[in-house]
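In this text, all values refer to a predicted model and were calculated from it rather than measured experimentally. The first residue in the sequence is number 1, and the count goes up from there.
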Amino acid sequence: ILRGMYRVRATTRGPARARLLGAGTILREALAAAELLESEFGLGIDVYSVTSFTELRREAMALTRAQRLDAAPAPSWIERQLPADGTPVVAASDYVSAVADLIRPWIRDRYLVLGTDGFGRSDTRAALRSFFEVDRRSIALTTLVQIDSALAQRARTLWGIHPSAPPWTR
């Protein structure tokens, strides 16, 4: 059975401070963001590969329906992989953010979604990812904002990220 998500990297720094979901080619950026967060900030990060947000949603919707019809409650695959424990979850994808948002009802912790909402005006993949803020530094910064605002400010300074208008509105 296609489950749609599996853990590809577990933290080596104790309990995870955040969980990153990477989809498609952005999985590599999520893995790189986890490395940045561990090496530069000492944070434990788990990374999950999402092969299909749609399949995750279908399975969770079927279980939700079964529960409405008085079947024995069973947690969805999403809920079993990401149990509620106060650890923020950041999803990043090269799809529009609405795709990763499909599973929001079954994630019980803080959930932030990064996606490529709009038309790219960049000449390279790296520039495109930076433009839509789905590159490793943007994923790491979004994660830090959920964990510790002082660390997030340090990262903004270190990486030269300015909180001006989002790049896709220019």
I'd like to check Y111 versus D101 (side-chain heavy atoms, cut-off strictly below 4.5 Å). Are they in contact? yes
Assess whether side chain to side chain donor-acceptor pair (under 3.5 Å) is satisfied between S52 and R58, documenting all intermediate values. CA-CA 10 Å; S52 177; R58 283 184 184 137; 6.0 Å; no
Do M61 and L63 land in one hydrophobic cluster if side-chain heavy atoms of ILVMFWY residues count as linked below 4.5 Å? no
Does the pair I139 and L114 meet the rule for a side chain to side chain contact (heavy atoms under 4.5 Å, CB included), with working shown? CA-CA 8 Å; I139 295 168; L114 303 173; 3.9 Å; yes
In this structure, CG of L69 is separated from CD of Q67 (nearest 0.5 Å) by 10.0 Å
Test side chain to side chain contact (heavy atoms under 4.5 Å, CB included) applied to R129 and R125, step by step: CA-CA 6 Å; R129 291 175 181 143; R125 287 185 179 158; 4.2 Å; yes
Given R19 and D109, is the salt bridge (charged side-chain N to carboxylate O under 4.0 Å, His left out) satisfied, shown in steps? CA-CA 10 Å; R19 296 178 281 198; D109 292 313; 2.7 Å; yes
Distance in Å, S138 OG paired with E29 CD, rounded so as to fall on 0.5 Å steps: 9.0 Å
Determine whether a donor-acceptor pair (N or O, by modelled atom type, separation under 3.5 Å) exists between the side chain of R108 and the backbone of E79. no
Using 0.5 Å steps for rounding, measure from the CZ atom of F131 to the OG1 atom of T116. 10.5 Å
Any side-chain donor near an acceptor of the partner, T11 and R17, under 3.5 Å: no
Note: I103 and R57 closest approach over all heavy atoms is CG2-N, 4.1 Å
Is there a side-chain contact between D94 and V134, using heavy atoms and a 4.5 Å cut-off? no
Considering all heavy atoms of both residues, which atom of I26 and which atom of A92 are nearest to each other, and what is their separation? CG2-CB, 3.6 Å
Is the number of heavy atoms from other residues, nucleotides or ligands within 6.0 Å of CZ (R104) greater than 12? yes
What closest approach, in Å, do A60 and I78 show between heavy atoms, and which atom pair accounts for it? CB-CD1, 4.3 Å
Checking R136 side chain against L36 main chain: does a donor-acceptor pair fall under 3.5 Å? no
Hey, could you give me the CG/CH2 distance between L82 and W77, rounded to the nearest 0.5 Å? 10.5 Å
For A18 and I147 the tightest heavy-atom approach is CB-CD1, 3.9 Å
In short, D46 meets A16 closest at the heavy-atom pair OD2-CB, 3.5 Å
Honestly curious: do L20 and L151 fall in one hydrophobic cluster under the side-chain, below-4.5 Å linking rule? yes
List the atom of L27, the atom of Y48, and the distance in Å for their closest heavy-atom pair. CD1-O, 4.0 Å
Keeping Q146 on the side-chain end and R110 on the backbone end, is there a donor-acceptor pair under 3.5 Å? no
In this structure, CG of L43 is separated from CG of L144 (nearest 0.5 Å) by 6.0 Å
Rounded to the nearest 0.5 Å, how far does CH2 of W106 lie from CZ of R80? 14.0 Å
Any Lys/Arg nitrogen of R9 or E35 sitting under 4.0 Å from an Asp/Glu carboxylate oxygen of the other? yes
S93 side-chain N/O to G115 backbone N/O, donor-acceptor pair under 3.5 Å: no
